[in-house]
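Throughout, a chain's letter reflects where its sequence line sits, starting with A, and its residues are numbered from 1.
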Amino acid sequence: MQTLSSSEKERRSFRDIFLDPKFVPYFFIAPFLIFFLVIYLYPFVTTILMSFQRIDGPNSVEFVGTANYERLFNRNFKQALGTTFRYAFWDVVVLTIVPLIFAVILNSGAVRFPSFFKSIYFIPALTSTIVVGIVFRLAFGTLETAPANRLLALFGQPPKDWLMFPDTGNFVLILLTLWRWMGVNIIYYISGLQAIPKELYEAAEIDGANAVQQFFHISLPGIRPVLIYVITITVLGGFAMFTESVALWAQNNPGGVGRTIVGYMYLMGFYKNNMGMASAVGLVLLGLVLAVNLLQLIAMGFFRKED
Amino acid sequence: MKHSSRIGGRSRRVKSFLATALMFITAALLMVPFYFMFLSSLKPGTEMLRNGLSLTFDPGVSSFKNYEALNTYRDGIYWQWYKSSLIIMVLQTAVGLVLSSMVGYGLAMYRFKGRNAVFTLVLILMMVPFEILLLPLYRMLIKAHLTDTYFGVILPYLVPPFMIFFFRQYVLGLPKELLEAARIDGCTDYGVFFKIMVPNMIPAYGAMTILSCMNSWNNLLWPLIVLSSNEKFTIPIGMGTTITPYGNAFDVLMPGAVMAVVPIIIVYLFAQKTFIAGLTSGSVKG
């Protein structure tokens, strides 16, 4: 008979807990829980506190109430809001619809070598936005010989200063985003389309439904979960856009054309060293994304009970 | 009867031709930026400044000399950035895959108290714009003396929620009997995961490897905030903020852009079948 020292007993009991099927799942998810506390929850609470503070250094923190939020009613932030809304709107419209059309055509069986095209369409997503942005910046440059202006000249149009104006600048942004993300969304859609039973289409054909009717009555309802996923991440990506804007305009463009909400947050936090206001901007962004996504999810029937 | 079917066949062939042509033209358009990039990388910077981009190949002024300039530009700083980008990409992807596959597996394979709450949390986090946490995270890094380190760069990507979600979806499709059978054989639950489940999750790992590499290679904002010494910069920081397209910088900008794009495309072309299959299989199941 030997007696266990208390430390040995503890070790053994930890081992028992570690291997106990009841506790095993908690060990599997532990990395996420720790990660959540450190990387999400703590910073989130900090940023809420900071948004009500004026911070002039680690030892000079002053509670200022809602002053940081009130100061957001300025021309520059409104401009950033406008830029972001315009971009997010077109981003969602274009990146939801265009890839869907391509996915339906690719999945219809009419196209030869569909998997070849799927692979090719995905390639732009692999590249760095900043790196490819250099090409887009030059293609839509101010020179008369810039490719976009040459294209205009073919149609007898005068050259444009594409990146100097919000409308045309937004057009280039959307083009860049479409170029990079089209292939990704096509793959998501195709995976949804392939999960729809073929018999549904055969039955519809017998009933005399044409391709358009089949799309609206079978394909579209069938891919609703994928559609919801695509729209949700596109809304998020659209409102939180920053890299594309840096790619086309560099960081600190004086006129503020192309500066987004995140760009404004970066400007406040790191150039103006105003952490309080930057936090307020971040929380406004969070509110916007959650509100838009909530409305979108309600409209798409995400919370509706499946029948 | 025969007649109508022949017409049907012909209209189908016309449709097939038109659809394939549309796909082909789109594919060609999507490749245009790469073509621009490659052609420009062969031209001297002065030529680029004068004429900008052009679609014509001019053998008189084109050469691979610019690629040599990458080695000499500011003592070869471009390759330093390349190295930084590679180190961060490998670390971030390796750690992210291991941890989030464990979490995703735990959420899919076991029923336990709090499971739904944790999964809901993962879903919510996927909807939070991560950018808003960067300022407080940066203050945290300062306190922990982790600024200007690679670990600081990968810290917020150790267990990415979208990866947890993907692995969970994938594991839902694996037979639960595997776990029971291996337990009877005397394997611990962790042994089951590493020895039996991981090999079954290879397509999921493949898809997530490429997605993670993409994200890391392209990431700008957070590395820009964390890193301050020039030789630790990543390619997006270096190319986006340090090299401006004026003067001689064009000589390195364009070959630099090509070299940044080429490796990941090569990896993709080799792995794309597994990749697309893996990506698809994970996202189908609701």
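- Using a 4.5 Å cut-off between heavy atoms, Phe18(A) touches chain B through backbone and side chain atoms alike.
- Of the atoms belonging to Ser119(A), heavy atoms from both backbone and side chain fall under 4.5 Å from chain B.
- Residues Val159(B) and Phe36(A) fail the side-chain proximity criterion, which asks for heavy atoms closer than 4.5 Å.
- Each ring pair (Phe, Tyr, Trp, His ring centres under 6.0 Å) pair with one or both residues in residues 129-150 of chain A, not counting sequence neighbours, appears once here: Phe136(A)-Trp179(A), Phe140(A)-Trp162(A).
- Using a 4.5 Å cut-off between heavy atoms, Leu236(A) contacts chain B through its side chain alone, with no backbone atom that close.
- Comparing Ala257(B), Ser40(B), Pro33(B) by heavy-atom pairs within less than 4.5 Å of chain A, the highest count is held by Pro33(B).
- If you tally non-hydrogen atom pairs under 4.5 Å between each of Leu133(B), Leu29(B), Val258(B), Val122(B) and chain A, the highest count goes to Leu133(B).
- Within the 4.5 angstrom heavy-atom criterion, atoms from both the backbone and the side chain of Phe112(B) approach chain A.
- Thr127(A) places no side-chain N or O within donor-acceptor distance of the main-chain N or O of Val132(A), the cut-off being under 3.5 Å.
- Proximity to chain B is limited to the side chain of Phe35(A), based on heavy atoms less than 4.5 angstrom apart.
- If you measure heavy-atom distances from Phe130(B) to chain A, the contacts under 4.5 Å come from the side chain alone.
- Heavy-atom distances place the side chain of Ile164(B), and not its backbone, under 4.5 Å from chain A.
- Taking the six-membered ring wherever Trp is involved, the centroid distance between the rings of Trp249(A) and Phe242(A) does not fall below 6.0 Å.
- Within 6.0 Å of atom OH in Tyr42(A), 12 or fewer heavy atoms from other residues, nucleotides or ligands are found, so the atom counts as exposed in its surroundings.
- Side-chain atoms of Gln194(A) and Asn107(A), non-hydrogen and from C-beta on, do get closer than 4.5 Å to each other.
- Across Pro31(A), Pro21(A), Pro43(A), the residue that shares the most heavy-atom pairs under 4.5 angstrom with chain B is Pro43(A).
- Ranking Lys113(B), Met31(B), Arg115(B) against chain A, the residue ahead of the rest is Lys113(B), based on heavy-atom pairs under 4.5 Å.
- Between Phe165(B) and Tyr229(A), the ring planes lie parallel to each other; the angle is under 30°, not in the 30° to 60° tilted range.
- With contacts defined as side-chain heavy-atom distances shorter than 4.5 Å, the pair Met197(B)/Val171(B) does not qualify.
- For chain B, the nearby part of Phe117(A) is the side chain; its heavy atoms alone come within less than 4.5 Å.
- Contact annotation for Tyr121(A): both backbone and side-chain heavy atoms come within less than 4.5 Å of a heavy atom of chain B.
- Heavy-atom distances place the side chain of Ala260(B), and not its backbone, under 4.5 Å from chain A.
- Between Phe270(A) and Tyr266(A), the distance from one ring center to the other falls under 6.0 angstrom.
- Taking CG of Asp20(A) as the reference point, atom CG of Asp16(A) lies at 8.0 Å (rounded to 0.5 Å).
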If you apply the rule side chain to side chain contact (heavy atoms under 4.5 Å, CB included), what do you find for Thr234(A) with Gln296(A), and how did you get there? CA-CA 11 Å; Thr234(A) 312; Gln296(A) 173 263 124; over 6 Å; no
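- Interface residue Val24(A): backbone and side-chain heavy atoms are both found under 4.5 Å from chain B.
- Judged as a salt bridge (charged side-chain N to carboxylate O under 4.0 Å, His left out), and not counting sequence neighbours, the contacts of Arg183(B) are Glu180(B), Asp189(B).
- Heavy-atom distances place both the backbone and the side chain of Val38(A) under 4.5 Å from chain B.
- The number of heavy-atom neighbours closer than 6.0 Å to OH of Tyr190(B), taken from other residues, nucleotides and ligands shown, is above 12.
- Both the backbone and the side chain of Val128(B) come within less than 4.5 Å of a heavy atom in chain A.
- Of the two parts of Tyr138(B), only the side chain, counted from C-beta on, holds a non-hydrogen atom closer than 4.5 Å to a non-hydrogen atom of chain A.
- Both the backbone and the side chain of Met23(B) come within contact range of chain A, each with at least one heavy atom under 4.5 Å from a heavy atom of that chain.
- Of the two parts of Phe239(A), neither the backbone nor the side chain holds a non-hydrogen atom closer than 4.5 Å to a non-hydrogen atom of chain B.
- By number of non-hydrogen pairs under 4.5 angstrom with chain B, the leading residue of Leu126(A), Val111(A), Ile120(A) is Leu126(A).
- For chain A, no part of Leu18(B) is nearby; none of its heavy atoms comes within less than 4.5 Å.
- With a 4.5 angstrom heavy-atom cutoff, Leu269(B) touches chain A only via side-chain atoms.
- Chain A forms the most heavy-atom pairs under 4.5 Å with one residue out of Lys15(B), Met109(B), Arg139(B), and that residue is Arg139(B).
- Proximity of a side-chain donor or acceptor of Ser16(B) to a complementary backbone N or O of Ala110(A) within less than 3.5 Å is detected.
- Contacts between Ala247(A) and chain B at a heavy-atom distance below 4.5 Å are absent for every atom of the residue.
- A donor-acceptor pair is defined here as one N or O able to donate and one able to accept, closer than 3.5 Å; no such pair exists between the side chain of Ser128(A) and the backbone of Pro236(B).
- Of the atoms belonging to Leu176(A), not a single heavy atom falls under 4.5 Å from chain B.
- The parts of Ala125(A) that come within reach of chain B are both its backbone and its side chain, each placing non-hydrogen atoms under 4.5 angstrom from that chain.
- Ranked by heavy-atom pairs shorter than 4.5 Å toward chain A, the options Leu221(B), Leu158(B), Ile265(B) are led by Leu221(B).
- In this structure, Thr46(A) OG1 and Met140(B) CE are separated by 8.0 Å, a value rounded to the nearest 0.5 Å.
- Considering all non-hydrogen atoms of both residues, Ile223(A) and Gly192(A) come closest at CG2-C, 3.5 Å.
- With a 4.5 angstrom heavy-atom cutoff, Val262(A) touches chain B only via side-chain atoms.
- In summary, the aromatic rings of Phe38(B) and Phe34(B) are positioned with their centroids too far apart to meet the 6.0 Å limit.
- With respect to chain A, the highest number of heavy-atom pairs below 4.5 Å among Gly114(B), Ala27(B), Pro161(B) belongs to Ala27(B).
- With a 4.5 Å cut-off on non-hydrogen atoms, Met126(B) touches chain A through its backbone and its side chain both.
- With a 4.5 Å cut-off on non-hydrogen atoms, Ile124(B) does not touch chain A at all.
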